[in-house]
Structures are given as structure tokens and as C-alpha cells.
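Here's the structure, in C-alpha cells; my notes come after.
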Amino acid sequence: MNLFLEPDFKAQLEAQVLIVGAGVAGLSAGIVLKTLGIDPLIIHWERESTFYSQGGIACANQRGDSPEQHILDTLVAGRGLCSEKAVRILVEEGIQRVAELESYGITFDKISTKEGGHSFARVQRVGDFTGKEVLKTLKNRASQLEIKFLKLKAQEILADGRVLGILATDENNSLILINSKAVILASGGYSGLYIGCSNPEGARGDMIGSALRAGAGVKNLEFLQFHPTTLEGFGFLLTEALRGEGALIIDESGDRFVNELLPRDIVARKIYQKIKSGKRVFLDLRNIKNLPERFPTIFSKLTALGFDLEKPVPIVPGAHYSIGGIATDLWGRSELEGLYAVGECANNGVHGANRLASNALLEGLVFGARAGYAIYHDIKWGGSLGVKTFSRRRRGFMNPEFKKEELGQLLFEFCGLERDENSLKKALERVDSYLESASLWERTPENRELFDMCIVAKGIIKSALWRKESRGVHFRSDFPTEREEFRKDSYLSFSELALCL
């Protein structure tokens, strides 16, 4: 086992299936498992990214729209890297999953929204707090099914050729060992590695790093979506639905310089380039009818912060959605037997090089449920339950000489909205220098998290160096066009990152 932490645990638990994360993907998996007669244990720590999803769920279930058009829109946004089979599953099974969600009690607004990249107004919303309502609805259903939840923070994936369980910490920072034949990671993405992130602070991808060390591979880490419109100085997301309903992007001179409904990567780079030229950028909300009723969360937040909404509000792009992640099949299975990944920590081929707006909640519903069905069958043939022995190792004695914020600044500056060979090589050298002393770091949960963050950061940089082209959300100023020879996924294993403990 390639562990970082010393395995001195306070308590030992067992679970038929262990789910890490209580967002839309993890809850969807848990509900399916419980319905099929398997008792999952869901562990969670911070508020889930799902809670902060303002936009909605894209679903081709309305008259005049069609699944084929939704599929086409998704493929176009993905710039040739989507798995068409995965996209078809997303769209067609998504119609069923949204119907299930409604049967659990959610009520969507009567008017759907058209967002960037969509050819139809198919984004179903609950005001501007859709994710919050989705989460509440799924948690209510989980409560009805008596699914067990524990407040624990996952630290290490335990594996020896297959998954054996998880090491987690409780609120006192004591280690808890949880034995399980199957582990579902629904732990969120890695956008929180960057400064100016719009997601919860915990979305740093460290469990992706732990999965790498345990034996899973990762795909397409270079693809990180920057949201065009986050509130300058606050990181608060101003949903794409605002632009779908008439909000305009202007510079400090009042000039509109970009079509607001173009795909996010284009809009975000146009804003970034304008800011780099020395100008501020604003979102003008004055064209939106009934702003307080249509977007109550945003209206309340902006007014509480003292903004006069009769004037445009300042915006900047912010790291938002991780398209890359743990490589999985279409049922959530990773390359490590017994480890499944769903939601933003996974890459199953749906998003390609650029996620279509409001496909994220849909993906969580669909592929979370599929992982539940897969485990129902797979667990019959799983190996023996339990961790028998741990290899002991020398304890570390020093702390890292850098902070998370330094890593975040480095990534934003050298591997952000625009990249090139020189900046990426500088970033790689810096991260390697951070890791030179990692074998001597004290074995604390905080240092473990930082180590796994560095693993993922190095994976992002190495993948971006390999992709000598611009495609989707990955923009290389030294290779500004798509190149046919790179119309394929990037892939990394732990050994390819040349790291050891």
C-alpha cells in the first residue's frame, strides 16, 4: 500500500459499500444501492459543491426539443473529445433520472432557460438555487430509506491490488479505518487548487491524488473550466442563466465585446484578455425582468454586499469545473478493482474538452445511479473484506516549506486560462521542488492533503504540456489551434508522475 499517513487508527468500521461524498452523484448511488437491498455508508465533511450550483439541469424533455439535439450540442461543446456513447447515455437516461427526481418531490420553475452552447431552452431550474433543492430532495429520499451518514473526512484509499477500504478522520482528527469491498468516490473536483475558485474550499482534488497512489489512472486533467462571471474580489458565482435571460458583459467604457451565449471557454478568455489589457469587466443585469424573483439568491447576495444593481457589477473569470478526473468506464468503474468514481472527480468521456452548461447535475444523477447498479452485481464477486496488515514506515519530521495558496497562485499564473511551453515548464519545476522533501514530511492529515494536491497539480501541468494544441477549455498561446493528432485523451498513472514516498 502506497500510504502517506501512519495507519494508527482509533476505531474500525465495516460497510457493504462506502460512498465518499454526499452531493448529487454520491446520493444518487446510495439511493439506488439501498433500493436494491445493499446498505451503503456515506461519509461527508464539508458542504457539497452541488449545494452551490445555481444554474440548473439540462434535460431534453420538453416539446420542441429532442435528445438528439441535446446530444449534438454536448458533442459540439466537447470539441471532438466526448465519448458519443457516454453522451447518449447522459441525455437519454437523464430524462428518466429527472423524472425520478420530480417523483421525490422537487418542483422546477415553469419556464426553462437557454444557456450558452444550447440550441433550446432546456435548462430546468429552481430559481437560482437549483443545486440546493436537488440536494435537499435527494437527502430527504435518503432519509426515508434510512441510509446511514457519518461526518468523516476521507484521507487514504486502502488497496492491495483491489480496494480494501478507507482511512478517514473524525472531528478530533483521529483516524478511523472503514473496511469495504467497494468504495465510490463522489468527492468533487480539483478547481479549488486554483486561487479565485468559485467552488467550496475543499474541492482540491486530493482524493484524486489518493486514488492515483492506490492504482487508478486519470484522464484529461488539463481540461479545467473557468466560469466567465464570478464577482470580482469575492469568488461568488453569477450563474450563466443571468446571461441567458439578458445580462450583458461590458468593459469599463460600456462596450459589449463578446457574445454572452458563446461557450464558456471563449467567453472566459475574452474577459481574461480584456482584464490583461488593463480594463475592468462588468455584468450588466438591468435587462433582466423580475431579477429579485428569478434570481433571489444572487439578488440578496449582491444587495447584502452593497452593490447598486442599477449599475453593472464587476466580474472576473474563476476556476469552476474539473472536466478531467479518475478514468472510469460507463458504470463508474475505475482501473482499480472495487474503486468507483462518479461526478466531478471522475472522467467517463461525457464532457470531452469542454462541459456544456448545466450538464453537471445531470451527469451526477445519471452516472451516480449507474454506479449503484454496477456495484449491485459486482459486489457478488468481490474479494474478501478487510485490511489485515499495514506496512510500517519511518515517520516524517518536517513540514512543507510552502502553503496551499502558493500552489494555487502558481497554477493560476502558469497553468490558467492561457498556457505556453515556458510557463508550464516553470510550473512543473516549481511543483517538483515542492515535492523534493515530501518523503520527510510529518505524516499529518494536512500534509497528506497537500501532497495529494501536488500530485494532481503535477498531473494538470504534465497533461497541459503534452497537449500541444488548443482545444475546448485548454488554450495554448504557442499552439492556438486544434491539431488532429491530439484528438485523443491524455492519460497518467502514478508511476508516470515520477513520485514516490
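Just so it is clear, the structure is predicted and the values come from calculations on it, not from any experiment.
- A salt bridge links E337 with R162: the distance from a Lys NZ or Arg NE/NH1/NH2 to an Asp or Glu carboxylate oxygen falls below 4.0 Å.
- Remark: E344 does not engage R355 in a salt bridge, criterion side-chain N to carboxylate O under 4.0 Å.
- For F149 against I147, the heavy-atom pair with the smallest separation is CD1-O, 3.4 Å.
- Between the side chains of D452 and S210, not a single donor N or O lies within less than 3.5 Å of an accepting N or O.
- Nearest heavy atom pair, residue A121 against residue Q62, reads O-NE2, 3.6 Å.
- Using cut-offs of 30° and 60° for the angle between ring planes, the F226 and Y194 rings count as perpendicular.
- Salt-bridge check for K151 with E171: passed, with a basic side-chain N closer than 4.0 Å to an acidic carboxylate O.
- Seen from the ring of F236, K301 counts as a face-on cation partner, given the 6.0 Å and 45° thresholds.
- Note on R213 versus E156: salt bridge recorded, some NZ/NE/NH1/NH2 to OD/OE distance being below 4.0 Å.
- The existence of a salt bridge linking E93 and R370 is confirmed by a sub-4.0 Å separation between a basic side-chain nitrogen and an acidic carboxylate oxygen.
- Looking at R286 and D284, a side-chain N of the basic residue comes within less than 4.0 Å of a carboxylate O on the acidic one, giving a salt bridge.
- Using a 4.0 Å cut-off between charged side-chain N and carboxylate O, K181 and D378 make no salt bridge.
- For the pair I460/Y190, a side-chain contact is recorded, criterion being any heavy-atom separation below 4.5 Å from C-beta on.
- Salt bridge absent: R97 and E363 never bring a charged side-chain N and a carboxylate O closer than 4.0 Å.
- V87 approaches L75 most closely through the heavy-atom pair CG2-CD2, 4.0 Å.
- At a cut-off of 3.5 Å, with distance as the only test, no side-chain donor of E240 or T229 sits close to an acceptor on the other residue.
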Could you give me the CA-CA distance, side-chain angles and deciding distance for E232 and V313, then say whether side-chain contact (heavy atoms from CB on, under 4.5 Å) is met? CA-CA 8 Å; E232 181 185 273; V313 296; over 6 Å; no

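- With hydrogens and angles left out, the side-chain atoms of S119 and D73 include a donor and acceptor closer than 3.5 Å.
- Ionic pairing of E146 and K34 is not present here: no N-O contact between side-chain nitrogen and carboxylate oxygen is shorter than 4.0 angstrom.
- Taking a cutoff of 4.0 Å between a charged side-chain nitrogen and a carboxylate oxygen, D170 and K153 do not qualify as a salt bridge.
- Taking the charged nitrogens against the carboxylate oxygens, D265 and R79 have no contact shorter than 4.0 Å, which rules out a salt bridge.
- Between atom CG of residue L417 and atom CZ of residue F475 there is a gap of 10.5 Å, rounded to the nearest 0.5 Å.
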